[in-house]
Amino acid sequence: MGQTEKLVKAVLQGNRHSIAKTITLVENNDPEAQKIVSMLYPKTGKAHVIGVTGPTGSGKSTLIEKLIRELRKQGRTIGVVAVDPTSPFTGGAFLGDRVRMQKHSTDQGVFIRSMANRNAPGGLAKATKDVIRVLDASGKDVVIVETVGAGQSEVEIIKVAHTVIVVLAPGLGDDIQAIKAGIMEIGDIFVVNKADRESSNKAISDIQAMLEMNMEKTGWKPSVLKTTALTGEGITGLLSKLEEHKEYLKTGALEASRKEKVETELEEAIKEKIAESIIEDLKRKGEWEKLTRKILARETDPYSAADMLLKKAKHR
Ligand SMILES: Nc1nc2c(ncn2[C@@H]2O[C@H](COP(=O)(O)OP(=O)(O)OP(=O)(O)O)[C@@H](O)[C@H]2O)c(=O)[nH]1
Ligand SMILES: [Mg+2]
């Protein structure tokens, strides 16, 4: 058995060290990673992938920590990916996550990993998808992805989840921003955390009002729950909502969303692979340099050049 096959086998058996090693390869966009993920692919699709998003400091990590604890009581295994899409400057929050979740670091049934842009040259969204696959194939029953819901790229990341929890907190000025950024549309379950604070009831009615405006007549109806992650209050309610959504997905919604995801990914893969190969080809033949000069000389522009290349390729 080759090194790659050995690594794949160990990941499938849930070996921590091998999972960590594979994730590093994925993060670095190592050529080996694609091979490994392809080999793991047939064994994926079993985990319930839960996305947890919301403004900075709303209590996502604290809530996840409590969820892990409850899920472990039920004997379920969990993988967590904490995605920090921002610059290296927010390393502080990371450290906090590590410390907070460390309570579970000796538990074989829990695997926690933080990821940042700077470590994923191939793009964070793609790396996250593959990391979820690695954890899924390793036999984790639940895979949780934490992102700060701030912009389009995070929305992209969270879309891979089967169930999306949006965590808000009363009095966070960010809330309105987050809502504007489109996380309102992607949430299956809304949580107003820090219910120990005064204004939490107002936050709940605000969100409910907003949801009612957006509510579709058919399908899943998002609900708003109240939690205090610090004490664990409301976690049981959140867990049953999660179960409810998982059941709902079985009624066909999961298949539909899976197909959509596969289509998006196929599209991305084709764009990436084919564009890459054309560019490499041009560079090898010296055409790249010629085209660049033409554009610099204003004889053509990048889009017309691409059109021209496409015409050529079609006539070949
Ligand atoms: N009062 C109160 N504080 C809470 C609650 N849950 C979390 N916190 C505190 O809020 C702060 C932020 O919590 P985190 O869990 O790190 O929040 P987060 O959303 O993961 O933050 P980022 O990952 O930085 O976006 C911490 O100081 C927590 O102790 C809660 O229910 N009540
Ligand atoms: Mg966090």
Side-chain angles (χ1 to χ4, degrees), residues 50-71 78-105 110-119 124 128 131-132 142-158 161 163-184 186-187 189-204 207 224-239 241:
I50 301 171
V52 179
T53 191
T56 313
S58 62
K60 300 178 291 296
S61 301
T62 316
L63 198 69
I64 292 170
E65 203 270 317
K66 291 296 194 303
L67 278 175
I68 293 175
R69 192 178 298 181
E70 287 307 310
L71 288 165
I78 303 114
V80 181
V81 199
V83 187
D84 187 343
T86 46
S87 65
F89 300 113
T90 55
F94 250 36
L95 232 56
D97 281 347
R98 285 260 166 85
V99 172
R100 208 164 301 123
M101 291 189 186
Q102 225 160 36
K103 293 169 195 160
H104 301 284
S105 62
V110 182
F111 188 96
I112 296 166
R113 179 74 169 237
S114 293
M115 288 206 334
N117 241 344
R118 59 187 182 281
N119 297 332
L124 209 44
T128 308
V131 170
I132 293 170
V142 180
V143 177
I144 303 176
V145 187
E146 178 186 340
T147 69
V148 176
Q152 198 51 45
S153 64
E154 298 77 58
V155 171
E156 278 311 305
I157 292 169
I158 215 76
T163 307
V164 176
I165 307 175
V166 175
V167 182
L168 302 162
L172 271 182
D174 285 5
D175 281 9
I176 296 303
Q177 283 314 110
I179 289 160
K180 275 189 194 151
I183 58 175
M184 238 28 212
I186 58 165
I189 302 168
F190 290 83
V191 167
V192 174
N193 187 43
K194 307 197 185 182
D196 51 324
R197 296 215 177 143
E198 282 168 15
S199 43
S200 71
N201 283 332
K202 179 171 186 315
I204 289 176
I207 296 162
V224 191
L225 307 177
K226 206 161 131 174
T227 62
T228 307
L230 271 188
T231 61
E233 236 177 279
I235 300 297
T236 340
L238 177 55
L239 273 172
K241 240 331 147 205

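All residue numbers in this chain count up from 1 along the given sequence. All heavy atoms count here, side chains included; hydrogens, waters and symmetry mates do not. Atoms within each ligand, like the ligands themselves, are counted from 1 in listed order.
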- Task: Among Ile112, Val167, Val80, Ile78, find the residue that satisfies the side-chain contact (heavy atoms from CB on, under 4.5 Å) test when tested with Ile64.
- Result: Val80
- Given Lys226, Glu146, Lys194, which one has a non-hydrogen atom that is nearest to atom 9 (C) of ligand 1? Lys194
- Message: Among the N/O/S atoms of Glu146, which is closest to the Mg ion (ligand 2)? Give the atom name.
- Response: OE2
- Task: Could you tell me whether Asp196 approaches ligand 1 through its side chain, its backbone, both or neither, with non-hydrogen atoms closer than 4.0 Å?
- Result: side chain
- Message: Heavy-atom distances under 4.0 Å decide this one: backbone, side chain, both or neither, for Thr231 against ligand 1?
- Response: neither
- Any side-chain heavy atom of Thr231 sitting closer than 4.5 Å to one from Asp196? no
- Test log, rule side-chain hydrogen bond (donor to acceptor under 3.5 Å, both in side chains), inputs Lys226 and Asn201: CA-CA 9 Å; Lys226 206 161 131 174; Asn201 283 332; 3.0 Å; yes
- Do any N/O/S atoms of Ser61 come under 2.8 Å of the Mg ion (ligand 2)? yes
- May I ask you to test the Pro170-Lys194 pair for a side-chain heavy-atom distance under 4.5 Å? yes
- Message: One thing to verify: whether Lys66 and Glu70 come together as a salt bridge, which I'm taking to mean a side-chain N less than 4.0 angstrom from a carboxylate O.
- Response: no
- Item | Flag side-chain contact, heavy atom, 4.5 Å: Ile235 against Leu63 | yes
- Message: Below the 3.5 angstrom mark, is there an N/O of Gly57, backbone or side chain, next to an N/O of ligand 1?
- Response: yes
- Query: Quick one: does Leu63 get an N or O within less than 3.5 Å of an N or O on ligand 1?
  - Reply: no
- Which one of Leu230, Thr62, Ile64, Val52 has a non-hydrogen atom at the shortest distance from atom 2 (C) of ligand 1? Leu230
- Task: With heavy atoms of Thr228 as the reference, note each atom of ligand 1 found under 4.0 Å away.
- Result: 31 (O)
- Note on the structure: Hits for side chain to side chain donor-acceptor pair (under 3.5 Å) against Thr163, two or more places apart or cross-chain, chain-then-number order -> His48, His245
- Query: Any side-chain heavy atom of Ile165 sitting closer than 4.5 Å to one from Leu238?
  - Reply: yes
- Of the listed options (Gly54, Ser61, Ala229), which comes nearest to atom 20 (O) of ligand 1 when hydrogens are ignored and any heavy atom counts? Ser61
- Message: Under a 4.0 angstrom heavy-atom cut-off, which atoms of ligand 1 come close to Thr56?
- Response: 24 (O), 25 (O)
